[in-house]
Every structure is written in structure tokens, then in C-alpha cells.
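Order of appearance sets the numbers: ligands from 1, and atoms from 1 within every ligand. Residue numbers start at 1 and run along the sequence shown.
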Amino acid sequence: MRSIEEIREQINDIDSEIAKLLTKRMDCIREVIEIKRENGIPIFQPQQEKTQKEMLKDIYKGTAYEEEKKDIFKEIVEQSKKVQAKELLSYNIALIGFMGCGKSTVSAYLQKMLAMELAEVDEMIVEKEGMSIPEIFEKYGEPYFRRCESDMVIELQKRELTIISCGGGLVMRQENVDNLKKNSRIVLLTAKPETIYERVKNSTNRPILNGHMNVEYIAELMEKRREKYEAAADLVIETDERDIQDICEELIRRIH
Ligand code: S3P
């Protein structure tokens, strides 16, 4: 049997190899960044990630610590995406749109695809105030909530490489749009009133729809807000009957 010193020596050699390989890998990433920048190729290449996953599955299948090794690779890929996002995106991505248009779902998915930070404005307000949105509306009224939103948008100006998921009424105030625009691209997600209704009909967390949970009211309010949503948006993406990957790929392809 080998002595522990011998084994440790081999581990050191291996670590040194891994360290050098990582440098080589990051150098490749740097080249990829340059090519993507020059040719306007999107950061996220789903096919490339899929190919790598398949390769790892083949190599590690049935070997010891299969999951742990895959996790290490996941981290490597994550860091590569972060480096690419940092180099290729110099702005935050703010998602806006009517309640139930998919802002939270799309934000969470994008965050994974691009390895960016996530800021859920509503959640941050709930945390700061120590109350749910319906409680804030009930206790202090809507104008107070709207002020919380505006304060949060100002605070978010310090953030970089962040996906900002905005509450549905946030861009009704022009000052919020102006502040978001300082360092974000604004993406409007849309859906038909019928689709929205299906997505939010069981929600008890949206005071604006209290007592009005029906397609007609949703359509009416959406129409009232439409002009402001469209004026704020740098990019509009429809979400009806589409899967999340498809929506996010379109967004990444079109955002520049
Ligand atoms: C609101 C939308 C909600 C939340 C609040 C008010 C609105 O966010 O900010 O209930 O006025 O449209 P979601 O769009 O995430 O539901």
C-alpha cells in the first residue's frame, strides 16, 4: 500500500494540473468572449451546455463520487457564464409587465442561464417592511407601497449584473422608469388577459385584483396601463403558450 505522503504528493501534482487546466480553460473563454462580441453571438448557447453535460455523463457514469464530480463541473460552468455575462453585458435586465405575465418565473430562469444576481422588488419590500404585500396595502395604503417601490428602485441602482423583477405597477411612475433606465435594459413581458387570469386566479397575494378576479377587469386594467408599459420597454416579448426556455432564449438573443 502507498504511504499517505506518497498519495498527498500525487494529489498536489493533480491539483497543479487542474489549476493549469483551469487557466487554459479561462483563456479559451476569453477568446469565446471576443468572438461573441465581434459577431453579436448570444452569451448563452444551450447546445454547448447540453453537449458538455452529455460528455460528463459518459465519462463519470458508474464511477465513484459521480454527483460530486458533476457538481464541481457545474461550478466551473457557472463561473464561466459569470465571466461572460460580466464582459458582454454592461447592464441589468429589468422585467416589467402585468401581474402574472411571468416576470418571476422568467427572472429565476434567466438568473440560472446567465449566472446573474436576482432582485425581486416585491420580495425585497416584503423583507424590508416585515409584512406581506396585502398587509402593507391594508395597513398603510397603496401610495405607501408605491413609495416603497420607488425607494427600492433607487437602491437597486447600485447593483450590477442583476435581473430585476419588478412588480406589475412599478413602471406606472415615470421616475421609476427613469431610474431603471440608468443602468438596465427594460423587457416587457406580455400575455393575453385570459392567460393572465388562468395564471393568477388562485392568488390571494395581489390586492389590486381583490374582488376583481375576472378576465374583464384584468383586460380593462391592462389596457389602462398599456401605454406606460410600452413606453418604458426596450424590448417586448410575448409569453402566451410558450415554454420558459423558449422565452428566455428569445430574450437573450434580442437584448443588446
Ligand atoms: C401590483 C403587482 C404586484 C405587486 C402589487 C401591485 C400591480 O406584483 O407589486 O400587488 O399594481 O400590478 P406582480 O406583478 O409581481 O404580481
So is there a nitrogen or oxygen of Asn205 less than 3.5 Å from a nitrogen or oxygen in ligand 1?
no

Which residue and atom name correspond to the protein heavy atom nearest atom 2 (C) of ligand 1, and how close is it?
Gly168 N, 3.3 Å

Out of all atoms in ligand 1, which are within 4.0 Å of some heavy atom of Pro207? Include the element for each.
10 (O)

Do side-chain atoms of Asn92 reach the backbone of Thr162 as a donor and acceptor pair under 3.5 angstrom?
yes

Does Arg225 have a non-hydrogen atom less than 4.0 Å from ligand 1?
yes

Nearest-option assignment for atom 10 (O) of ligand 1, heavy atoms, candidates Val200, Ile133, Ile196, Leu95
Ile133

Ser107 versus Glu120, side-chain donor and acceptor atoms under 3.5 Å
no

For Arg146, atoms of ligand 1 separated by under 4.0 Å from a heavy atom
6 (C), 7 (C), 11 (O)

Using a strict cut-off of 4.0 Å, indicate which atoms of ligand 1 neighbour a heavy atom of Arg206.
16 (O)

To the closest 0.5 Å, what do you measure between CG (Asn179) and CD (Gln174)?
10.0 Å

Look at the rings of His212 and Tyr217 and say which category their plane angle falls in: under 30° parallel, 30 to 60° tilted, over 60° perpendicular.
parallel

With a 4.0 Å cut-off on heavy atoms, does Glu142 reach ligand 1?
no

So Gln10 and Arg2, do their side chains get closer than 4.5 Å, heavy atoms only?
yes

For atom NZ of Lys69, decide whether the heavy atoms of other residues, nucleotides or ligands shown that lie under 6.0 angstrom number more than 12.
yes

Below 4.0 angstrom from a heavy atom of Lys103, which ligand 1 atoms are there? Numbered from 1 as shown, please.
13 (P), 14 (O), 15 (O)

Are Tyr197 and Glu216 close enough that a side-chain donor and a side-chain acceptor fall under 3.5 Å?
no

Per-atom contacts, ligand 1 versus Gly169 - under 4.0 Å to a heavy atom:
1 (C), 7 (C), 11 (O), 12 (O)

Closest candidate by heavy atom, reference atom 8 (O) of ligand 1, pool Ile208, Leu221, Asp122:
Asp122

Least distance between heavy atoms, Pro134 atom then Asn205 atom:
CD-OD1, 3.0 Å

